Amino acid sequence: MRVIVGITGGIAAYKAPMLVRLLKKAGHEVQCVATEHALQFVTPLTLETVSGNRLYSDLFAPANDHTTEHISLKDWGDIMIVAPATANIIGKLTSGIGDDALSTLLLAFSRKPLYVCPAMNTQMWECPSVQRNVEFLRSMGVHIIGPAEGDLACGTQGAGRMVEPETIMECLSSDLSSPAKTELLKGQRILVTAGPTYERIDSVRFIGNYSSGKMGFALATALAEQGAEVELVTGPTALKIDHPHIHRTDVESAREMYTAATELFPQCCAAILSAAVADYRPESTADHKLKKNGNEGMTLTLVQNPDILATLGKMKTQEQKLIGFALETDNELANAKSKLERKNLDFIVLNSLRDKGAGFGVDTNRVTIISKDGKELTTPLLSKQEVAEQIVRHCLVGVGK
Ligand code: CTP
């Protein structure tokens, strides 16, 4: 692959040569484009040495092949990544400003994967205008990686660190191997559960939860893009999905989801259960609307629903893989690990509710994927689609083969 690495003027620019080295080591061709400010932190000689190519920085340099360098480079590159990306370059890309080699190239680089790794001081990152710009880029399909949290160069702590080059490589991996992308799970049947369940109280009321179904639908899409035949069993959601390899079954209650999932699982080589299943349902359901009848209070007796994940864990054969989700508020890792063991899973995906931008309803997520041999992988805050791609690549590549 031909990768363009854009570098802007933040202290994290010192990590850019490491990213370039990792890309080269993985067999990719790299061209670096740096802003003038970036070259205060990293030298042209370093970037040219690690990339093995001339650095582009000055839009009007006499050494340029011709005056429309940004046009020819955008045709050359298969994928582009800006690391680190300052608030300035994010603002320029959002507003359509091109006033140097990198910003003009970014405006011209369209319809190909573009990754942006923000790095800045926490207050700058949290500034509403920066957040608005980042959201706009996301809505344009730009992949935003990070920033990570931790010690910052300005002596403070918080969100704003550039994500480490190794993690950036993980995030890029699906696009860096895109020629094989549709082949990785070709023909493999995989079950996904998604959305909430509704447990009826009477003919007009139910017990539900805030799950939107976005994570499960993103997983179904990521699997189908890898060629899998997806059985998507979903609780009530407004989401639509239209893919020739996704077969959708709509259910309402946990018991309906249990029936559909246990019927389908034996025909599948793997299952990812991301649904937010109600643990309890009302003991009885009225077939009419319950009236107040002057009562001050009301007591609902709840009974436990079947645990779909634990049931599939018992049904699972040696060849099948089972992946569950955990949403924890206390002792997150310990609780997730014990759930993984208890339910006989291969992987558990721990959702963090502590992160702004992660959890119910939003388009982004940050997860930790824990395997049964105890290995952990924590993603940066990514779009749910990117998180889904990471889960699929990390947990399922090679399944059924
Ligand atoms: N799950 C399921 N069937 C249920 C409840 C949960 O399949 N009746 C699945 C979810 O889809 C998710 C995982 O189990 O993949 C975790 O659910 P969670 O409610 O967090 O775990 P519980 O086992 O119910 O544990 P607890 O409520 O004690 O946290």
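Indexing begins at 1, ligand by ligand and atom by atom, following the structure's order. Any value given below was found using the heavy atoms of this structure, including those in side chains, with hydrogens, waters and symmetry copies removed. This is a predicted model, so every value here is computed, not measured.
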Hey, does A275 come in under 3.5 Å of ligand 1, counting only N/O atoms on both sides?
-> yes
Do V277 and ligand 1 have an N or O pair less than 3.5 Å apart?
->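 In fact, backbone or side chain, V277 has no N or O that close.
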Which of these passes side chain to side chain contact (heavy atoms under 4.5 Å, CB included) with F325: L273, T193, I391?
->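 When L273, T193, I391 are each tested with F325, the side chain to side chain contact (heavy atoms under 4.5 Å, CB included) holds only for I391.
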From the options V116, I144, V82, select the one residue that forms a side chain to side chain contact (heavy atoms under 4.5 Å, CB included) with I90.
->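 Only one of V116, I144, V82 forms a side chain to side chain contact (heavy atoms under 4.5 Å, CB included) with I90, namely V116.
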Give the single entry among E328, K343, K339 that approaches atom 29 (O) of ligand 1 most closely by any heavy atom.
->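 It is K339 whose heavy atom sits nearest to atom 29 (O) of ligand 1.
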Between the side chains of N335 and D330, does any donor sit under 3.5 Å from an acceptor?
-> no
Going by distance alone, is a donor N or O of one side chain under 3.5 Å from an acceptor N or O of the other, for T167 and E164?
->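 Absent: no donor and acceptor within the cut-off.
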Look at [atom] and say which protein heavy atom is nearest, naming residue and atom and giving the distance to 0.1 Å.
| atom | answer |
| --- | --- |
| atom 19 (O) of ligand 1 | D279 OD2, 3.9 Å |
| atom 7 (O) of ligand 1 | L309 N, 2.9 Å |
| atom 15 (O) of ligand 1 | L273 O, 2.6 Å |
| atom 8 (N) of ligand 1 | P306 O, 3.0 Å |
| atom 3 (N) of ligand 1 | I308 N, 3.0 Å |
| atom 17 (O) of ligand 1 | F325 O, 3.9 Å |

Numbering the atoms of ligand 1 from 1, which are under 4.0 Å from a heavy atom of G324?
->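 By the 4.0 Å cutoff, the relevant atoms are 15 (O).
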Separation between CE (M169) and CG (L19), nearest 0.5 Å, reads 7.0 Å
In terms of the angle between their ring planes, are H394 and F347 parallel, tilted or perpendicular, with boundaries placed at 30° and 60°?
->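 Because their plane-to-plane angle is over 60°, the rings of H394 and F347 count as perpendicular.
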Where do D78 and R2 land on the salt bridge (charged side-chain N to carboxylate O under 4.0 Å, His left out) test, with the steps shown first?
-> CA-CA 5 Å; D78 298 312; R2 294 169 157 186; 5.5 Å; no
